[in-house]
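Presented below is the structure to which this report refers.
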Amino acid sequence: MRTKQNFDKNWKYIIDEVGPLPKTYAKSGIVAGISNAVDGELFEPFAGAGNMLRALQDILPAGDDAKGDVDAADMLMGNLPEKAKSTKNWKNVDLPHDFRVEIGVQDNATNWAQGYIPDGIAYYRKAFKIPKSTLGKRVVLEFDGVMRNASFWYNGCFIGDHYSGYTGFQFDVTELTKYGDDEGDNVILVRCDTTNGSEGWWYEGGGIYRHTWLTIYENVHVDRWGVFVKPTVTGKDAVLDIETTVCNETFEKKNYRVCTTVLDPSGQEIGQAECTGTLPVYGKDTQKSKLAVKDAQLWDCENPYMYKAITEVFEDDRLVDNYETPFGIRSIAYTDEGLLLNGQKTPLYGTCFHQDFVGVGAGIPDAIQNYKIKKIREVGFNAFRSSHNPATLELLDACDHYGVLVINENRIIEATKHRMEDLEELIKSSRNHPCVFAWSMSNEEIFAGSYQALRILDKMIPFAKSLDDSRLFLSAEAFLSGEMAARYGLEIYDIFGMNYAESALNNNQIKNLSENYPDMKFLSTESASWYTTRGIYEDNKERGHCSSYGTRYVMMGGEGGPNAGGTARPWQTWNFYKENPRTGGFFIWTGFDYRGEPTPLKQYQVCSNFGIMDTCGFPKDDCFYYEARMKETPLIHIMPHWTWEKEGEIKTIRLYTNCEEAELFLNGKSLDRKALEEDWIQFEVPYHLGELKAVGYKNGEIIAEDIQKTAGEPAAIRMEADRSSIQGDGMDVSCVKVSVVDKNGIFVPNAENNITFEVTGAGHLLGLGNGDPGCRENDKASSRHAFSGLVLALIQSNEDSGEIRVKASSEGLETCELILKAE
Ligand code: GAL
């Protein structure tokens with residue numbers, strides 16, 4: 001039977017080139033130094049048949065006098081560099097891990113696209129035991145994503161390379177494995193190298209930044225991603241087409257039977273399907289079965305119901321494998337009015353974002369994947385484009401769970417062997433997630449539309465469709481127009497995906513295309529690219545800050561007029577969709593700020609500030625604009641804060657609201673009442689300290705309110721956890737919002753106090769951030785300056801239950817203590 005254990009704990013790593021390590025040797029690799037057992041780990045290459053090799057290791061390096069011996073040893077051991085003979089300088093680490101975020105921003109780094117965080121080489125290594133009882137089963141090491149150009153050695157043997165940082169893969173190491181203490185420890189060694197070419201123009205991280213698994217199954221087993229449950233919905237019922245691929249890793253032909261049991265969202269069994277087949281010697285076989293589901297509970301954005309398929313494989317009558325596949329039942333179609341989800345028109349209110357977060361970089365724990373998706377869902381977004389790479393599987397789990405529709409994107413179109421394998425992995429690993437409604441083959445490939453691109457797509461798309469033909473195919477294009485756009489939209493893909501359709505750049509493109517090609521369908525795959533800095537209301541070039549009213553800095557750092565910056569404004573994006581509903585919705589660039597691609601002030605920023613939330617997930621004012629448009633819940637938001645220096649200075653007060661009218665009060669006195677006629681309601685108000693209050697009306701009734709109060713000097717710290725109780729598993733994380741307040745507890749919106757954290761008990765500080773795109777402080781330090789009054793502290797549990805005590809202190813401020821629970 002199958003077991004799949006998380007393999008993330010107890011690794012060691014070093015940020016250094018300890019090699020080069022050979023990938024070929026004169027004798028079998030079982031003696032290849034650090035990629036085998038070292039430093040007291042159990043090393044028994046011949047299982048008790050002698051210590052000749054250990055002795056050889058001990059005499060190295062033998063020095064000039066013993067040249068002959070050294071040559072002999074080198075011949076066997078691959079002439080290892082000195083650094084590759086010991087792990088004494090390596091540090092302990094649990095995955096997921098991004099080693100580059102630890103290096104942090106470096107002043108001399110030239111790589112601005114990667115946020116001035118240098119590229120690097122790191123080695124990861126783990127020694128572990130496999131019990132004798134596993135003998136006879138398959139031992140498989142699975143990696144969900146390693147950044148990048150990774151090479152792998154196992155028990156001294158070089159076992160392979162994996163180039164892309166965005167796709168998963170596995171190694172079957174059954175025969176190379178040592179079983180039981182008498183055979184010794186097993187060692188997996190991984191070299192990650194980001195110095196040899198990026199895959200993106202954003203910060204990509206480095207290291208084993210997604211999960212790893214130790215999977216053990218029998219010689220007859222379900223193939224990697226070998227189950228596909230494809231629902232077809234008719235009225236209230238559905239039919240599941242279940243495809244199962246089984247492998248045989250023996251030299252005998254085998255007969256097998258597959259029994260699939262389907263459980264409904266409450267865990268009740270709703271039926272079984274069976275199929276049988278014959279497996280060739282060392283080969284695979286795929287069989288199909290069907291199951292009818294009466295009164296199916298359909299997955300949608302409001303009720304994201306999940307079913308589960310349990311696959312049991314029998315070799316003759318012996319149960320040999322069991323495999324679980326969560327899936328959802330829903331239908332998707334695309335029309336002139338955009339997406340139909342279960343037959344219902346569903347505008348796609350989407351965000352794009354990269355895999356980065358404060359405190360952790362690309363090595364994002366599952367709790368933070370959840371935090372990010374929950375944040376965008378709470379403000380009314382229902383879609384996400386995994387730009388520009390296949391999403392981490394736990395991020396898709398979060399989208400399944402919160403009802404967020406996903407465009408899952410392939411990194412690059414190249415019909416090469418390894419890119420075809422990447423495409424296969426993208427589709428097979430995520431085709432059971434109901435959240436995925438479309439596959440994007442690429443983003444803004446500059447050679448799109450060329451003959452070469454057409455030939456490449458001619459190979460990639462039929463191949464991808466052979467793996468899943470139940471979703472929409474598209475790409476996100478920016479440079480295609482006229483006939484070639486029509487060819488993409490009508491012949492190659494189901495939809496023409498267009499980036500920045502609403503911008504001046506693409507003025508009238510959709511109109512022209514739809515007039516000339518009435519059958520063409522469109523989706524706005526990327527929009528806005530509007531940059532603002534949270535809590536900032538005036539540009540500050542040297543600090544890398546862009547005004548929330550709109551900056552005068554244009555895309556590549558030049559200066560335009562007031563509010564010039566960005567490709568399109570949020571209201572332009574929203575209004576364009578309303579005027580052109582056949583564009584299906586929008587995917588704003590971006591949901592969160594991210595490291596790298598510092599735009600527009602690249603000399604002064606280390607992060608982008610395209611997000612409607614900053615790098616911590618704290619909302620900017622724009623976020624309330626979108627929320628007010630997308631949600632019906634009454635909302636009124638005052639921009640800016642009300643803590644200024646100059647009494648009497650005229651301030652522009654902008655209200656983002658979905659109310660019909662709003663009235664503004666200063667210290668209890670009504671200033672004015674206005675109707676919402678365009679994108680917001682605006683007032684010019686002379687500043688007087690005190691309380692600024694906005695109330696929103698519908699049919700003359702007050703339905704919403706917002707208040708901004710003038711803050712005094714910073715006096716204390718407040719902390720608020722997104723989850724006060726977390727799993728004591730050494731993996732779970734609570735995201736703690738840390739605010740600076742005055743002596744009356746009023747939030748100080750411009751506070752920049754340096755806050756130091758001390759975490760004791762059953763947890764530790766995982767990392768810090770403040771959302772400032774210009775901040776060069778290291779996320780792994782124990783203190784952080786507040787930015788616009790806030791810091792985010794990530795607190796991770798240890799492998800233990802009990803209290804986690806978080807203490808935040810800063811000179812001159814009252815200390816704050818927060819107690820979380822690890823269970
Ligand atoms: C788009 C691109 C994104 C990002 C964005 C910045 O064209 O697809 O990756 O670079 O521009 O505005």
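Counting starts at 1 for both ligands and their atoms, in listed order.
- Of the N and O atoms on the side chains of H388 and N410, not one donor lies less than 3.5 Å from an acceptor on the other residue.
- Using modelled atom types and a 3.5 Å distance limit, the side chains of D539 and H545 yield no donor-acceptor pair.
- Considering L341, L348, V406 as possible partners of F437, the one that fulfils the side chain to side chain contact (heavy atoms under 4.5 Å, CB included) test is L348.
- Paired with H637 under the rule ring pair (Phe, Tyr, Trp, His ring centres under 6.0 Å), one option of Y626, Y625, F624 passes, and it is F624.
- Contact residues of ligand 1 (protein heavy atom closer than 4.0 angstrom to a ligand atom; sorted by chain and number): W201, H388, N443, E444, Y500, E526, S529, M555, W589, E597, F610.
- Evaluated for a side chain to side chain contact (heavy atoms under 4.5 Å, CB included) with M498, the options L474, I510, T583, L480 yield exactly one hit, I510.
- The shortest distance between side-chain heavy atoms of D422 and R411 does not fall below 4.5 Å.
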